[in-house]
Every structure is written in C-alpha cells, then in structure tokens.
Amino acid sequence: MSEADSVASQPDNANVYDPAAMQERWLPVWDELAPFRSGDPEDPRPSKYVLDMFPYPSGDLHMGHAEAYALGDVIARYWVQRGFNVLHPIGWDAFGLPAENAAIKRKEDPAVWTYENIATQKASMRRYACSFDWDRVLNTCDPEYYRWNQWLFLQMYSRGLAYRKDSAVNWCPTDQTVLANEQVVDGKCERCDSVVTKKKLNQWYLRITDYADRLLDDMSQLEGQWPEKVLLMQRNWIGRSTGANVDFAISGRDEPVTVYTTRPDTLYGATFFVVAADSELAAELAADGPAEVEFAEYLETVKKASDIDRLATDRPKTGVFLHRYATNPVNGEQLPVYASDYVLADYGTGAVMAVPAHDQRDLDFARAFDLPVRVVVEADTDPAVTGEATADDGIHVNSGPLDGLGKEEAIKSIIEQLSAQDGGDTAVNYRLRDWLISRQRYWGTPIPIIHCSTCGEVPVPQEQLPVKLPPAEGLDLQPKGSSPLGAATDWVNVACPSCGQPAKRDTDTMDTFFDSSWYFLRFLDPHDDAQAFDPDQARKWLPVDQYVGGVTHAILHLLYARFFTKVLHDMGLVEVVEPFARLLNQGMVQMDGSAMSKSRGNLVRLSDELDVHGVDAVRLTMVFAGPPEDDIDWGDVSAAGAKKFLARAWRLSGDVTSDPGVPAADGDMELRKATHRLVNDAQIAVDSHRFNVAVAKTMELVNATRKAIDSGCGPVDPAVREAVEAITVMLSLVAPYTAEDMWSRLGHQPSVARAGWPVVDEALLVQDVVTCVVQVQGKVRARLEVAPDISAADLERLALAADPVINALEGLEIRKVIVREPKLVNIVAS
RNA sequence: GCGGGAGUGGCGGAAUUGGCAGACGCGCUGGAUUUAGGAUCCAGUGUCGAGAGACGUAGGGGUUCAAGUCCCCUCUCCCGCACCA
C-alpha cells in the first residue's frame, strides 16, 4: 500500500477541508500583512477605487450585506490581482432614526447602540474576509466626520445653496408630532391611525434645482456604465419638460396669472381655468367672493383627505367655481376659474389652462362640471363623446392663425405670437424640488447656524466647528414637532458670533442623506483634521471606478451624491463632475419567493450559514447563483454544493507533487491549453461582471485538473502545478480562506491575494484542431476535426465526402453550400 | 394608465458579430469504494420514441442557407412612476 493510498483511505486532519480551522489560521496572518492597504504614497501601482455602499449599523450583517460585499470583493480583489492599488474602504452611515428609536426604547444614548452595532458589524466583516482597507474606516456620527458636514453646509450657505423657507410637513394631530413620509401609511399615522394633516414649519433646503439641468445632461457620461433603469428613474425624478408660460388676466385682479403648459398650441381649446385648491392664489381669489364659504369647506376636505385619496386611482374630479373669469390672451374668451385638488400647488405656477378635448384630467373635470369641450386638434374620435381626450399630433382647427398647422409648427407659432405681445414665452419646468434637509430629531448633524435677534442667521465661525451634539442624557428624544435639541438650554444659548448678544443655536439636524452624499471623498483620508478631503487625493482617486450597492438608492442617494460632486466641482475642489463612473446594483437575497423577514418566518441568519457552510462557501454561493443584478432565492441555491466544490478544489493543492517554480513549459500540453483557455475565459467574464460564469470556468479547470491527475499526465507533471496555482488565484477572488490555504500547501508564502493574476499565453489559446459542424438543411449531420486554417474549398470537399452527409443528401440535389470555415458548413438541397 | 425589464430542462443559470441550445452547478438515477456516509470517485440525466428519428428557448407570424439571438403581433410575470398640465 502506497503512502498516498493510506492518506486517502484514512483521512486525517491534514487532508480534510475545514473552513473553521482556516479562518483560525489565516485571519491573524492577514491582519499582520494587511494586503489591501492602499495608502502608501510611494505605491507605484496604478490606482482604482472600488466602493461598496456603506451600511447602516442596525444590528449584525445580514444575507443582503453578504451578497453585496461578496460581489464588491470579487471586483476589488480582481483588480489587486491585476496589479492595481485598489482603494476599497468601508465605514458606517451611523446617524438616523433607527438608532434614535432604539435609544428611546432602551432609554439610553443612541451612540451606545450605534457603536455596539458598528463593532458587531466590523467583526463580521473581518470574518467575512472583506478586502477593506482598515486604515480608512469612518463613522458619520463621529464629530471628526460631521464637522465637515457642517463645513460643507456653510460653504453651500455662503454660495446661496442652503436657505430656509416655510413648508408643509406631515403632522399627526393626536401625537403632536411630525412624521416622515415612511411613517404615513395610507394617509394615516402608523401609530395611532389618525388622519395625517399638513403643518407649516420653517425648514432648511438645499437648492438642488439649480443643478437640475446638469444632473440631467451629465447623465450622458454614465450611459452604458450605470444600469439603464437607474438613469431612467433619475430622469423621471428630475422630470424636465419644455413648454410655455402663458399669462391670463383675471377678473378683479391687477396682476395676470401665469400658467405653464406643454401644449401652448391648444390654447384655443381652453374652456376653463383651474388653480390648485391648496395654493395661496386660490385662497386669494376666493377671499371676499361669493364662493368664500364653499371654498373654505372644500379646502378643509382637501387638506384632510388628500393623502388617502392620492392612492386611489381614477378618483372623481372635485372643485369649486370661484366666480371669477380668466381672459384667454389669444381670443379674449372669458374662462370660468375653478379651484381643484387635481392641480398641484407646487408644480409650475399652481394654475393651469384647461383644454378638455386634449387633456384627460381636464376632460374628466369638464364632464363632472358640465363644461364645454372644444376640439382644436383633429382626431378620429370625439372626446366629448368617448370621454377619451386625444393627445396626438394632428392638424389644428378652430384655432385662428394656427389652423392647418401641425403640433410643432403650432407651438412655435403661438409662442412667437405670445412673446410678441409680451404675454408668454417658452418655459422649462422640473418635477425635482429643492431638497429639504431639516430634521427635528436628535441623532444627526447639528445645523451650524446661530439665530440672533439683531443679526439674523449667523453661520458658526469655522474655528468653532464642529458644533458637537450635546449629550442625550436628560433630553426627551420622543418626536414632537420640534427638535429635542431645543431642550438642551446650555447648548442652545450662545453668544452671537457677530454682535456678542445672547442668541440661539439652530436646533434642527441634517437629513442623513447629507452625510452619505460625500463620504466617498472622506475615505481619501478619514482622519484629516485640516480639511474635508485633500483635492490632490481626489485628483488621484476620483471618480470611483466601481460603485456597488442596492437599487434602493437608485434615486435619492445617487442624485444627492451627484449634486454634491457638482457643487464641489464648482468650488474647485474636485475635477470630476460625476462621482461614480460605473454602478452595479446587486439583486436581493430572498427566501422561498419573498423578501426575508422575521414576521414572515423565512429569515435566514447569515451567521448560521457561515457556521454551517463556512465563509467561502457562502460567498461562492452568492457569486455563483446567477448574474449579480438578479435576485437570489436562498432556497434555490446550494451552499452545501459550494462547499463541496471548494473541498474538491482544495484537495488538488495536496495532490501536486512538483516543486514551486517548476517550469510550466515542460508540462502536459493538453492541460496547459485548458488552463490558459479557461483563465482567459474567466478574465473576460470578470471584466464584464459575469462572475457566475467566471466561477463556472474555474470549476471546469478543477475538473480538467482532477482528470489529469487521476487518469492523465499524473500529479508530478508541471502542468498540474500551473493549473492548480491558476485555480488558486482565481478562487482567491471568491474564496479567500480556501485559496490562501491552497497557496500555502503549494509551498508559497501568503498572501495569495497579492500573487497576481495568471498571465495568459496567447500561443496556448490557438487550437490545432477545431470541430466543424456539417449541416444539411440546417440540421447537424456530421462533425469533422479539421485544422483551424483549412481553406473553404477543402472544407467543402471534406464535408460533402462525409458518410452521414452523403446519406442525408440521397435523392436530393445540392442547391447551395454555405461555408464558414473552419466551424461550419451548411448544405442546402432540394 | 405611462415607462422599463424579463420569459431557456425538475431547479439556479450558460450561449462574441445570427452559426452544434442547455456550459457550470443543484437535484435525481446507476455503479465503484467504504464498518458507515449528508464523504470520495466514475457514468448518465431537455421532451417524446424500443429504435432510427422527431420535437424543443412563453404563444403566433416573418426575415434568413441558418433565429434563444433580428422584425411584427399576442400572452404572462417583475420593477419604477403614478393627477407633473
């Protein structure tokens, strides 16, 4: 009995795949080596920035994190293997409501809960073998971070990009509290079920609408690099439309009222006029008129019911006639003015000209209020009869000078006419609103403004930053419509920096989206206490080459980060105008067809999976399950299977009997060709983010190597070592523990993470025989082994001579032969 | 309603420019080895058919020597927006 046999038949610990032991062995080694440290200024490698969306520290990591970080890690580790200095940082998005709610429940400072969770997640990330640069960790709730939030806010303030105004917020009259949109369920308070109303508060805004055009236009840079879906969602969110403003004189009012329309060409079809019920204009037009009482009642019902009814589709149109008339500027017609909630107060000017024939909403209203419908664009059907407004292009009628024109010409013509009489012009409108950043909550960045009765709003001087949060102790964190910080009297009362008189701090905190809008810049040096970030470092690292995260942030976070980048560009601090060159939205991890949740009873705990299958098997399962942007159903995939494969690969490293450094050129050619072809395939797959395919190629190579050892060239052949070393490096992207252990068993020093991607020898990619398929009538009848450089004529001759082809052609006459040498011949016969 | 994406074996999924459909894996079947196996190794596995063969990428039509891939129509599912004038 040979020694190898005895090992195989009596497995001892040295030859058993043991993930827990590997974790034990390699984690301390990696801590020591820090193979992913990226901060050496002398590092000669070209740089790349791979960024995972940073987590919210609400408990331990879950399966969703495991997927996202597995994918980000493949990318980061791949570029390290390809010889890049990869910046792959992590931090925590640590401010926000969940911490505050947990604090209220546990009656302790939100910081305690937050830092506990950060420690837990950090330990899990280490175990999960994320290739993060641990020198660059940041927490947004640390003063050394939010200090620069405040600095940025003041920069924006001085540039006129941060301002205060009154605005309506969701208000629960029972709980006396402001509610976030997420806390409003079906128009009702999620806690007490009372109907949510609106309340006016004076709040801080960022003027993102100033950047609407650039946010839209710069998306051309992202085309093909970001998911099309995300770009589309952003476009819709910004919602740019072009049309015209048209002035209408209103009876009993000095100033005309401007309306915005995308169809000024239908102006002759206007038969009434509508103002938003909840607009100031409506209140003004109703005041002291015959409709005053009716309007007041209507407004009450609108305010009460709006959020509930918003969700109803096809809700009937309601409104109040205000006993006023608007004058159509082109024909002098008197149009009755209505107030209705189908017109939005905060879009356009809050007033519209109603053209029922060509706008469905106007038509619905006209039918409800028995108002005339006048067709001004020819169509096959009559809206007054069908109840369907026609919105297509067509020839204009009943439109005076516009008669006979098409849509575009008519628009051009009417705008010329209006601007000539100074009654209107082209106009652009956006759905995007300015960004409300005020939060009346404790656990966020204090807004660095001091309110002085004589000086007004006074920015906190830079040398006084950060404005630190006062201790939570003694403060009532329950939401009540004003910030808990208001009760911290020692903190609130300060001397005005400008005049020295007693003044008060602003007590609002910032939306946490502010924190995450620039964190990718802070990673360049999270501990720099002289500046938010170093513009030279930004020049070196930006833009982020690859951003990885969930599609949940498709709009807000990504839009805000793009906005900040443009502001910083305008300040001369960054060169780029777009922060994230490429975006990958990973799918979600589900269980049995639906999102995992405790209440549904289908929650899979990451730590349990790691205990049972090992870190590498879980990571491999995530990566191999399918395309990264697809959802994974954990019930459909097999972490046990992944572990089995890893063990199979790992055993190869124990079978290699040649020494490290043996010249591969002397090895078995068949295996060598397989190795180089599959490494090449895997490389192409990783480059195009088809990680599941890259894993499949690695599996093929494992199978080929197993076969070569058992029934081919044998374990001592140098080609076996070459193949197993290639497998090890390929696996290092997905299964770092297994790969490190294999690398060591192969006689190398750690870390395999820096071993370098195998160099593909192009010469080994050329095949000396290829299989040619011979089809008759499109059906495969024969396969020929031919030289890759065979001539078309030779191939045709060979094909026609093959027995199955001759049989298939019996009784038929050849019409045409298509030859695509060297892979295919198709014979057409009849 | 509007917009977008997707339908391939029992399952997850592969498939340069149109050129062998089902790579790789899970599951299953059989075999070898084993005291044992949730270990390992080997073989098989789209459907129908005993077989040759026929059929087969949601359904229907089309272009082509050739279609999962291109064009038209229909169905189903998922996602986003939802009175934005």
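Just so you know, these numbers use all the heavy atoms, side chains as well, and skip hydrogens, waters and symmetry mates. Every chain is numbered from 1 and lettered A, B, ... according to where its sequence line falls, protein lines coming before strand lines.
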Below 4.0 Å: OP1/OP2 of B:rG18 and any side-chain N or O of A:R820:
no

Ignoring the backbone of A:S638, work out which of B:rC20, B:rC26, B:rC65 is nearest its side chain.
B:rC26

Taking any heavy-atom pair under 4.0 Å as a contact, classify A:Q775: base, sugar-phosphate, or nothing.
base

Mind telling me whether B:rG18 is syn or anti, cutoff 90° either side of 0?
anti

Okay, side chain of A:N328, backbone of A:L335: is any donor-acceptor separation there less than 3.5 Å?
no

Between CH2 of A:W237 and C1' of B:rG4 the distance, given in whole Å, is 17 Å

Any side-chain to backbone donor/acceptor pair from A:Q360 onto A:G387? Under 3.5 Å, distance only.
yes

In whole angstrom, what separates A:M588's CE from B:rC78's C1'?
10 Å

Mind checking the P distance from B:rU64 to B:rU69? Whole angstroms is fine.
16 Å

Can you tell me, in whole Å, how much space there is between the C1' of B:rG38 and that of B:rA52?
43 Å

Selection from B:rA15, B:rC79, B:rA85 that lies nearest to any side-chain heavy atom of A:R690:
B:rA15

So that I can compare with my own list, what are the stems of RNA chain B, taken as at least three consecutive Watson-Crick or G-U pairs with distances under 3.5 Å?
B:1-7 with B:75-81, B:10-12 with B:24-26, B:27-32 with B:40-45, B:46-48 with B:53-55, B:58-62 with B:70-74

Ignoring hydrogens and angles, state whether a donor on the side chain of A:Y430 or A:D213 is under 3.5 Å from an acceptor on the partner side chain.
yes

Does a donor on one side chain and an acceptor on the other come within less than 3.5 Å for A:S241 and A:N429?
no

Give a yes/no answer on whether the side chain of A:N692 brings an N or O atom under 4.0 Å of OP1 or OP2 in B:rA14.
yes

Quick check: on RNA chain B, is the nucleotide nearest A:G348 upstream (toward 5') of the one nearest A:V693, or the reverse? Name the residue that is more 5'.
A:V693

With a 4.0 Å cut-off on heavy atoms, is A:I818 in touch with a base, just the backbone sugar-phosphate, or nothing at all?
base

Counting any heavy atom closer than 4.0 Å, what does A:N236 reach on the DNA or RNA strands: base, sugar-phosphate only, or nothing?
nothing

Taking any heavy-atom pair under 4.0 Å as a contact, classify A:K823: base, sugar-phosphate, or nothing.
nothing

Taking the P atom in each of B:rU45 and B:rG51, what is the distance between them to the nearest angstrom?
13 Å

Checking contacts here: which listed nucleotide (B:rA85, B:rC65, B:rG19) is nearest the side-chain heavy atoms of A:L824?
B:rG19

Sorted by chain and residue number, the salt bridge (charged side-chain N to carboxylate O under 4.0 Å, His left out) partners of A:D803 (sequence neighbours excluded) come out as none

Separation of A:I827 CD1 from A:Q775 CD (nearest 0.5 Å)
9.5 Å

What residue pairs, at least two apart or across chains, pass salt bridge (Lys or Arg N to Asp or Glu O under 4.0 Å) with a residue in residues 772-782 of chain A?
none

Touch class at under 4.0 angstrom, heavy-atom based, for A:R433 against every strand present
base

Between B:rU29 and B:rC78, how far is it from one C1' atom to the other, in whole Å?
36 Å

Distance between P atoms of B:rU40 and B:rG25 (Å, rounded)
13 Å

Given the P atoms of B:rG49 and B:rU34, what is the spacing between them in whole Å?
39 Å

Got a sec? Which of residues 618-631 of chain A come in under 4.0 Å of RNA chain B, heavy atoms?
A:F624, A:A625, A:P627

Can you tell me the distance, in whole Å, between the CG atom of A:D633 and the P atom of B:rG25?
22 Å

So, is A:Y342 close to the B:rA85 phosphate, meaning a side-chain N or O under 4.0 Å from OP1 or OP2?
no

A:S241 side-chain N/O to B:rA85 phosphate OP1/OP2 under 4.0 Å
yes

Are a donor atom and an acceptor atom from the side chains of A:N236 and A:R431 found within less than 3.5 Å of each other?
no

Rounded to the nearest Å, what distance is computed from the CD atom of residue A:E700 to the P atom of nucleotide B:rC24?
5 Å

With C1' as the reference atom in both, quote the distance from B:rU8 to B:rU47 in angstrom, rounded to an integer.
14 Å

Regarding A:N429, tell me which of base, sugar-phosphate or nothing describes its non-hydrogen contacts under 4.0 Å with the strands shown.
nothing

How many Å lie between NZ on A:K779 and P on B:rA66, as a whole number?
11 Å

A:H358 and its side-chain hydrogen bond (donor to acceptor under 3.5 Å, both in side chains) partner, picked from A:T266, A:T390, A:D392:
A:T390

Taking the side chain from A:D341 and the backbone from A:V302, do they hold a donor-acceptor pair closer than 3.5 Å?
no

Would you call A:E223 and A:R235 a salt bridge, taking side-chain N to carboxylate O under 4.0 Å as the test?
yes

Sticking with atom C1', work out how far B:rA43 lies from B:rA58, rounded to a whole angstrom.
34 Å

Using the side chain to side chain donor-acceptor pair (under 3.5 Å) rule, collect all pairs that involve residues 619-642 of chain A, keeping only residues at least two apart or in two chains.
A:D73-A:R619, A:E609-A:W634

Pairwise 5' ranking along RNA chain B for A:V637 and A:Y260, keeping only the more 5' one
A:V637

Among the nucleotides B:rA43, B:rA85, B:rG3, which one has an atom lying closest to any side-chain atom of A:K707?
B:rA43

Tell me: CZ of A:R235 to P of B:rG3, nearest whole Å?
16 Å

Whole-Å distance between B:rG12 C1' and A:E67 CD?
13 Å

Would you indicate which nucleotide in B:rG80, B:rC79, B:rG19 comes nearest to any side-chain atom of A:M233?
B:rG80

Are OP1 or OP2 of B:rG25 and a side-chain N or O of A:N703 less than 4.0 angstrom apart?
yes

Determine yes or no for a side-chain-to-main-chain donor-acceptor pair under 3.5 angstrom, with A:T271 supplying the side chain and A:P372 the backbone.
yes

Side-chain donor-acceptor contact under 3.5 Å, A:S688 with A:R690
yes

Just the atom pairs and distances: protein N or O near nucleotides 39-41 of chain B's N or O, under 3.5 Å.
unit_1, atom_1, unit_2, atom_2, d
B:rU40, O3', A:R651, NH2, 3.1
B:rC41, OP1, A:R648, NH1, 2.8
B:rC41, OP1, A:R651, NH2, 3.3

Measure the distance from CG on A:L795 to C1' on B:rG19 and round it to the nearest whole Å.
13 Å

Flag the pair A:Y342 / A:F365 as yes when their ring centroid distance falls below 6.0 Å, and as no otherwise.
yes

